[in-house]
Amino acid sequence: MTDNKQVLEFIEKSKALTKPDNVVWIDGSEEQIKQLTEQAVAAGEIYYLNKKLLPGCLLHRTAENDVARVEHRTFICTKRQIDAGPTNNWMAPQEAYDKLSKHFDGSMKGRTMYIIPFSMGVVGSPFSKIGIEITDSIYVVLNMIIMTRVGSNVLDALGSSNDFVRGLHAKAQLSEENRYICHFPEDNTIWSVNSGYGGNVLLGKKCFALRIASFQGKKEGWLAEHMLILGIERPQDKEIKYVAAAFPSACGKTNLAMMIPPEGYYNKGYRVWCVGDDIAWIRKGEGGRLYAVNPEAGFFGVAPGTNAKSNPNALATTKKDTIFTNVVHNLDDNTVWWEGLDKNPPKNALDWKGNKWDYTSNVKGAHPNSRFTAKASNCPCISSEFENPQGVPLSAIVFGGRRAKTAPLVYEARDWEHGIFIGSIMASETTAAASGKVGVVRRDPMAMLPFCGYHMGDYFQHWLDIGKTAENKPKIFNVNWFRLDDDGNFIWPGFGDNLRVIDWIIDRCEGKTDAVQSPIGNLPKTEDINIDGLDDVSSDTIKELLSVDIEMWKKEAEGIEEFYQKFGNKLPENLINQLSILKQNLNK
Ligand code: GTP
Ligand code: SPV
Ligand code: MN
């Protein structure tokens, strides 16, 4: 497929280590997909679903101990520990290579090695990056073909260049205690062993497009962010406005990226276009603006909660050519189901573990982190700019998380520096997307805590620096769809109705409306959040959603101070100043 010496050398070394019986180059052709799928089905790794109801769709179950990203087994392996920073696990590169080599050694004996050349971003664009993933999993191959741009044209675009990320993955024994996801940003290398789950093994995604790419972006002057990108078409604007938003895993990126406007908005001519649902690469471009591209080609979305009301676009996207992982298998019609899809759980079904499932029991049928892998091109609201190699100009950057009480529905940063502060103090309740306890509040700056490939203090500085030279920067906001009432119910309806908040955000960017100053930033006037057509939301509800509890925020400021101490002298002065401003405001 190629005579690129560095590529061939990488493959030879990987072969010598893993000792596969066969080697297959992946070109992503229909013919090859068909053949590999047949093979995986014959091996019992994958199941065909109903060809009429779900054409081209497949079902896969991971091992029971392998259902989410494993942050405690994820490492940044830089020569100096300080370069990985206080928020990453660190291992010295040689130690990591030696340790993982033991698990890779002979791991593909009796197996086939697949070589996947892929591009993050449009093939051949100067803003795209190329990777080669070597894996022994057909499931990984089929997912990568959906999630990235795979094919021999990638190798043509690479030519004889050495600028590609080397990803090596082996399932090995899927052993939990020997599972390692190691990143070597100084070597453009990722090694992943003993897992078969999503973010641990689809190396183009979090491993490359965030951890390695953030490191590259720091060196090259751009940002790799855990952000969705959406376009908002409004009748009053001449052009579509683009917004990028960073929410932690399972906090609503895919849903916001594909939302359907509330009826009243739709009838006025509002439309929402999805450019990306998880990752944004952001650079300075024409007119001093920041431009964002989605480097991925598909969606790896959370299944539970996805339904015809919450996210009809996602549901439509998954009706063909989709891989479902760890959902319920309906044996009556050979389709799939998950909690929150509809009120008709299948009576004759297998749960995500492949055991007979009793829908009347209290046991969930689908894993809370069960997923669909679907092509972006199958999404009804995919943006016409999805393939634009220059990306889209951002009007706003939005940060947000799951906060039961503290954070208001929306507030606006006073300026760029304050915006970076707001991003840096993000906190959110943990979800099932990573192994570990669910529902614990943790600081997750810019939703990048598990994904920043270098020292987070340097990362904050990089954000500040980006702002210094871009004259027409986006405005920065914070949102929280997840405020709870005293009975533990969500106060805000969320989903499509989030457009009401985005609408205010764009109005602010366009200078079309005033805001109210508060100690934490600028808040909307109650009447500026449009509640027409919302039965359960009154202006009192909006008041409650926008309220800022000073005592709670004083505690929050203490928490921030403690968190900031981690970064030592790498914490930018500007952020320390911002924290004192917050404290002063709260004590006024
Ligand atoms: P990752 O793919 O893991 O990064 O997650 P994500 O950020 O894309 O989250 P996703 O959109 O898949 O939503 C995760 C969960 O949050 C689902 O169960 C959704 O139903 C729920 N959710 C999303 N948006 C909202 C919202 O506006 N309000 C409420 N209450 N729940 C929401
Ligand atoms: C996330 O956890 O943010 C995901 C799923 O998008 S994974 O690919 O596993 O990282
Ligand atoms: Mn998502």
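Whatever order the structure lists them in is the order used to number ligands and atoms, beginning at 1.
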Would you check ligand 1 and list the protein residues that come within less than 4.0 Å of it by any heavy atom, ordered by chain and number? His226, Pro248, Ser249, Ala250, Cys251, Gly252, Lys253, Thr254, Asn255, Asp278, Phe300, Val302, Pro304, Arg371, Arg402, Trp481, Phe482, Phe490, Gly494, Phe495, Asn498
Under a 4.5 Å cut-off applied to non-hydrogen side-chain atoms, are [X] and [Y] in contact?
{"X": "Phe299", "Y": "Met258", "value": "yes"}
{"X": "Asn311", "Y": "Thr254", "value": "yes"}
{"X": "Trp281", "Y": "Met227", "value": "no"}

Are [X] and [Y] close enough that a side-chain donor and a side-chain acceptor fall under 3.5 Å?
{"X": "Thr306", "Y": "Arg371", "result": "no"}
{"X": "Asn498", "Y": "Trp492", "result": "yes"}
{"X": "Asn89", "Y": "His72", "result": "no"}
{"X": "Ser370", "Y": "Asn326", "result": "no"}
{"X": "Tyr454", "Y": "Asn88", "result": "no"}
{"X": "Ser428", "Y": "Asp444", "result": "no"}

Is the distance between the ring centroids of Phe75 and Trp90 less than 6.0 Å? no
Side chain Asp487, main chain Asn489, donor-acceptor under 3.5 Å: no
Number of protein N/O/S atoms less than 2.8 Å from the Mn ion (ligand 3)? 1
At less than 3.5 Å, what protein N or O atoms come close to the N or O atoms of ligand 2? Include the distances to 0.1 Å.
residue: ligand 2; atom: 2 (O); partner: Arg69; partner atom: NE; Å: 2.9
residue: ligand 2; atom: 2 (O); partner: Arg69; partner atom: NH2; Å: 3.0
residue: ligand 2; atom: 2 (O); partner: Ser249; partner atom: OG; Å: 3.0
residue: ligand 2; atom: 3 (O); partner: Lys206; partner atom: NZ; Å: 2.5
residue: ligand 2; atom: 3 (O); partner: Ser249; partner atom: OG; Å: 2.4
residue: ligand 2; atom: 6 (O); partner: Lys206; partner atom: NZ; Å: 2.6
residue: ligand 2; atom: 8 (O); partner: Gly199; partner atom: N; Å: 3.3
residue: ligand 2; atom: 9 (O); partner: Tyr197; partner atom: OH; Å: 3.4
residue: ligand 2; atom: 9 (O); partner: Gly199; partner atom: N; Å: 2.9
residue: ligand 2; atom: 10 (O); partner: Arg69; partner atom: NE; Å: 2.9

Could you list the donor-acceptor pairs under 3.5 angstrom formed between side-chain atoms of residues 395-406 and any protein atom two or more places apart in sequence or on another chain?
residue: Arg402; atom: NE; partner: Ala250; partner atom: O; Å: 3.3
residue: Arg402; atom: NH2; partner: Ala250; partner atom: O; Å: 2.7
residue: Arg403; atom: NH1; partner: Glu556; partner atom: OE2; Å: 2.9
residue: Arg403; atom: NH2; partner: Thr406; partner atom: OG1; Å: 3.3
residue: Arg403; atom: NH2; partner: Glu556; partner atom: OE1; Å: 3.1
residue: Lys405; atom: NZ; partner: Leu484; partner atom: O; Å: 3.1
residue: Lys405; atom: NZ; partner: Asp486; partner atom: OD1; Å: 3.3

Locate the shortest heavy-atom distance separating Ile145 from Gly28; write the atom from each residue and the value. CD1-CA, 3.9 Å
